[in-house]
Amino acid sequence: MPAHFMSNAQIAQVFFNIADMLEIKGENRFRVLAYRRAAEQIVQHPVAFVDLWESDPKSLEEIPGIGETISAKIDELLRTGKLQFYEDLQLEIPASVVALVKVPGIGPKTAKLLYQELGITSLGDLRDAAEAGKIRSLPGMSAKTETNVLKGLDTLARLSGRIPLRLALPTANALLEGLRKSPLVLQAEAAGSLRRRRITVGDIDLLVASQDPVAVIEYFTLLPQVSQVESKGETKTTVLLHTGLTADLIVLPPTSYGALLQHFTGSKDHNVELRELARNKGLSLSERGFTDEKGQLHPCATEQEVYSRLGLDFIPPELREGRGEIEAAAHHRLPHLVTLQDVRGDLQMHSTWSDGAKSVAEMAQAALAKGYAYIAITDHSQGLGVANGLTPERLDAQRAEIDALNKELAPFRILAGCEVDIHADGSLDLPDETLAKLDIVLVSIHSAMKQSREAMTERVIRALGNRHVDIFAHPSARLVGEREAVDWDFPQILRAAQQHGVMLEMNADPHRLDLDGEAARLAIQAGLTLTFGTDAHDPAGLDNMSFGIDQAHRGWVEPQHVFNTRPLEQILAHLQARR
DNA sequence: GCCGTTTTCGGCCCGACTGTTTTCAGTCG
């Protein structure tokens with residue numbers, strides 16, 4: 001049966017819309033919740049549903065939150081390209097009405113009211129009605145509601161899209177620094193998706209332990225970064241920053257700080273699972289702690305207390321995505337995550353030979369200062385003209401320079417490598433005899449990124465089949481917040497890499513983070529070895545390794561899954577055996 | 001609509017803030 005290709009995000013969008021429409025209709029809230037949970041499962045699933053469905057349509061039902069009904073709807077979508085149930089719903093609730101609930105402050109009830117009473121079906125209608133003062137005539141609405149609707153429309157326009165981690169982190173750190181200057185602040189941390197180190201974050205969640213929450217909130221709203229106070233209560237406030245980001249601050253006494261930190265680190269899925277577990281034990285879990293059946297509160301000062309009370313090992317924040325970590329923690333089977341200290345060398349960086357800012361010697365000195373035992377210099381290949389890519393002849397000349405440096409710096413070792421372009425047809429940008437002379441060969445995609453799924457998959461498989469290739473670098477070619485990942489059949493790519501003994505890079509450049517944690521987890525499950533590379537173009541870039549480690553944590557990666565946690569002799573033995 | 005080492009039926013996570021309303025619904029995270 002022919003598949004109508006849809007990405008997971010596209011499929012999920014259908015179910016998010018269905019959930020919104022059912023909610024606007026006033027359907028049973030748990031039915032609505034079920035559709036929304038299914039949509040969330042779909043959008044965050046690391047493998048394309050099309051691929052799962054093609055191999056076995058029934059396999060979809062094994063995914064939590066997806067049962068018989070929703071699985072059948074996905075089947076219809078992928079088989080026919082449409083969904084009758086969804087089309088019928090759209091006759092009742094125009095799709096454009098669904099857009100109204102995206103406006104902060106407007107939920108399904110208000111959207112329904114606006115649609116039924118005023119015939120509002122678009123954001124444009126909404127703005128017109130608010131500006132014309134028509135909304136105040138509705139029950140429960142006032143002139144103030146109209147002001148808030150207009151503010152909500154502005155916020156929506158400004159906040160469409162998440163913020164890359166690399167931008168959110170410094171903002172959060174600056175706010176924390178400001179908070180910690182107050183003697184009222186006993187503890188302060190950033191939580192939310194930022195603490196889980198997601199690649200992008202929606203807003204900044206800050207938590208504080210203090211005996212005087214009201215005063216801390218007042219102090220916070222007066223920090224110089226704050227441009228506008230959106231809401232302000234006795235324990236929490238939401239502010240708009242001059243940078244355009246939104247920040248939430250929640251303040252509780254130190255006795256509850258652990259529960260607070262746990263609660264607002266999330267993820268939502270993780271917390272839902274955790275609270276279900278608590279319920280099964282006759283407890284209710286909130287951001288203040290556990291409440292027992294007698295209604296007695298047992299606050300938690302540390303996160304450890306929250307987990308141990310539930311019989312769980314401590315779960316690192318990066319793992320808290322509701323993907324099996326709670327079960328693993330219950331059975332003492334959490335991974336022993338790789339750390340920055342485990343990494344013995346950096347396997348991707350550039351020098352002035354191509355588009356780097358510093359010489360090979362300067363990069364090597366910087367790496368030595370970081371305590372590394374080895375690095376790979378991996379300048380671009382000739383085809384990447386804009387980056388001053390290297391020809392076979394220039395690679396020979398660079399090799400001479402590297403050999404000389406190695407004599408000088410021993411036992412530190414510089415591997416002579418290259419980041420070789422994969423052409424659109426899957427051939428490589430340098431001849432085999434040149435590749436054979438290198439210590440280490442990385443391949444990557446820098447062009448023709450819009451190829452069809454089939455073409456891209458074939459292209460990469462062909463490239464990985466070249467016996468000189470050691471590492472597939474920044475595999476998806478995504479740039480966070482700027483460029484989508486290439487489209488391909490990832491499970492097939494993993495099989496090809498496995499078959500040819502090619503390793504996949506976890507590129508630690510915060511613009512890339514590629515593989516990301518989710519993909520890395522799939523890769524190690526497929527039996528692949530990973531490598532860390534910062535892709536540094538100057539010595540400061542070497543510091544980005546921690547971004548890669550964060551993603552590795554999200555991928556449940558342990559030291560033995562990573563090539564460059566091994567000592568130099570083992571690295572060399574492996575590479576030489578492939579030459 | 002989904003799900004089950006207490007359930008195949010009867011549950012389904014919890015609390016703060018806002019605004020309009022005089023005790024609470026809607027929204028959000």
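The basis for the numbers below is simple: all heavy atoms, side chains too, and nothing from hydrogens, waters or symmetry mates. Small disclaimer: the values here were computed from a predicted structure and weren't measured. Quick note on labels: first sequence line is chain A, next is B, and so on, each numbered from 1.
Nucleic acid contact class of A:Leu274 (heavy atoms, under 4.0 Å, all strands): none. Using a 4.0 Å heavy-atom distance criterion, A:Thr110 is classed as a sugar-phosphate-only contact. Among the protein residues, A:Val101 comes within range of no part of the nucleic acid, since none of its heavy atoms lies under 4.0 Å from any strand. Residue A:Arg288 is classed as a sugar-phosphate contact, given heavy-atom separations below 4.0 Å to backbone atoms only. Using a 4.0 Å heavy-atom criterion, one finds that A:Ile250 contacts no nucleic acid atom at all. Using a 4.0 Å heavy-atom criterion, one finds that A:Thr145 contacts the sugar-phosphate atoms exclusively. Among the protein residues, A:Asn271 comes within range of no part of the nucleic acid, since none of its heavy atoms lies under 4.0 Å from any strand. Using a 4.0 Å heavy-atom cutoff across all strands shown, A:Lys268 reaches no nucleic acid atom at all.
Rounded to whole Å, the C1' atom of B:dT8 lies 9 Å from the corresponding atom of B:dC3. Separation of the P atoms belonging to B:dC12 and B:dT7 is 16 Å when rounded to the nearest angstrom. Separation of the C1' atoms belonging to B:dT23 and B:dT18 is 15 Å when rounded to the nearest angstrom. Only the P atoms considered, B:dT6 is 27 Å distant from B:dG1, to the nearest whole Å. Spacing between B:dT27 and B:dT21 at atom P, rounded to whole Å, works out to 15 Å.
A sub-4.0 Å separation between OP1 or OP2 of B:dC17 and a side-chain N or O of A:Thr235 is present. Between B:dC14 and A:Ser284, a contact under 4.0 Å exists linking OP1 or OP2 to a side-chain N or O.
For the pair A:Glu23 CD and B:dT27 C1', the computed distance is 10 Å after rounding to whole Å. A:Glu146 has its CD atom 17 Å from the C1' atom of B:dT18, to the nearest Å. Look at CG on A:Asp248: it is 18 Å from P on B:dG15, rounded to the nearest Å. A:Arg29 has its CZ atom 14 Å from the C1' atom of B:dT27, to the nearest Å. A:Leu33 places its CG atom 16 Å from the P atom of B:dC28, with the value rounded to the nearest Å. Note: CG (A:Leu240) to P (B:dC28) measures 16 Å, nearest angstrom. A:Lys151 places its NZ atom 17 Å from the P atom of B:dT27, with the value rounded to the nearest Å. If you measure from atom CG of A:Leu252 to atom C1' of B:dC14, you get 13 Å, rounded to the nearest angstrom.
For A:Lys73 and A:Tyr86, the positive end is not near the middle of the six-membered ring at less than 6.0 Å and at most 45° from its axis.
In this model, a donor atom of one side chain and an acceptor atom of the other lie less than 3.5 Å apart for A:Glu305 and A:Thr302.
Using a cut-off of 4.0 Å between Lys/Arg side-chain N and Asp/Glu carboxylate O, A:Glu23 and A:Arg29 are scored as not salt-bridged. Of the charged side-chain nitrogens involved, at least one lies within less than 4.0 Å of a carboxylate oxygen, so that A:Arg320 and A:Glu303 count as a salt-bridged pair. Using a cut-off of 4.0 Å between Lys/Arg side-chain N and Asp/Glu carboxylate O, A:Lys102 and A:Asp20 are scored as salt-bridged.
If you run salt bridge (charged side-chain N to carboxylate O under 4.0 Å, His left out) between A:Arg554 and each of A:Glu318, A:Glu325, A:Glu518, only A:Glu518 comes through. When each of A:Asp516, A:Asp509, A:Asp487 is tested with A:Arg478 by the rule salt bridge (charged side-chain N to carboxylate O under 4.0 Å, His left out), just one qualifies, namely A:Asp516.
Considering only side-chain atoms of A:Pro104, the nucleotide from B:dC12, B:dC28, B:dG26 that sits closest is B:dC28. For A:Ser231, taking side-chain heavy atoms from C-beta onward, the closest of the listed nucleotides B:dC28, B:dG15, B:dT18 is B:dT18.
The aromatic rings of A:Phe314 and A:Tyr307 lie perpendicular to each other, with more than 60° between the two planes, well past the 30° mark.
Where A:Val272 and A:Lys102 each meet DNA chain B at their nearest nucleotide, the meeting point lying more 5' is that of A:Val272. Between A:Glu234 and A:Asp205, the residue whose closest nucleotide on DNA chain B is further toward the 5' end is A:Glu234.
For B:dC3, the paired base is B:dG10 (Watson-Crick or G-U wobble, both distances below 3.5 Å).
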Check your understanding: What is the per-nucleotide protein-contact pattern of nucleotides 1-6 of chain B, from the 5' end, where B denotes a base atom under 4.0 Å from a protein heavy atom, S denotes such proximity for sugar-phosphate atoms only, and - denotes neither?
Key -> BSS---
Check your understanding: Hey, mind stepping through A:Asp205 and A:Arg195 against salt bridge (charged side-chain N to carboxylate O under 4.0 Å, His left out) and telling me if it holds?
Key -> CA-CA 9 Å; A:Asp205 294 307; A:Arg195 182 159 181 248; over 6 Å; no
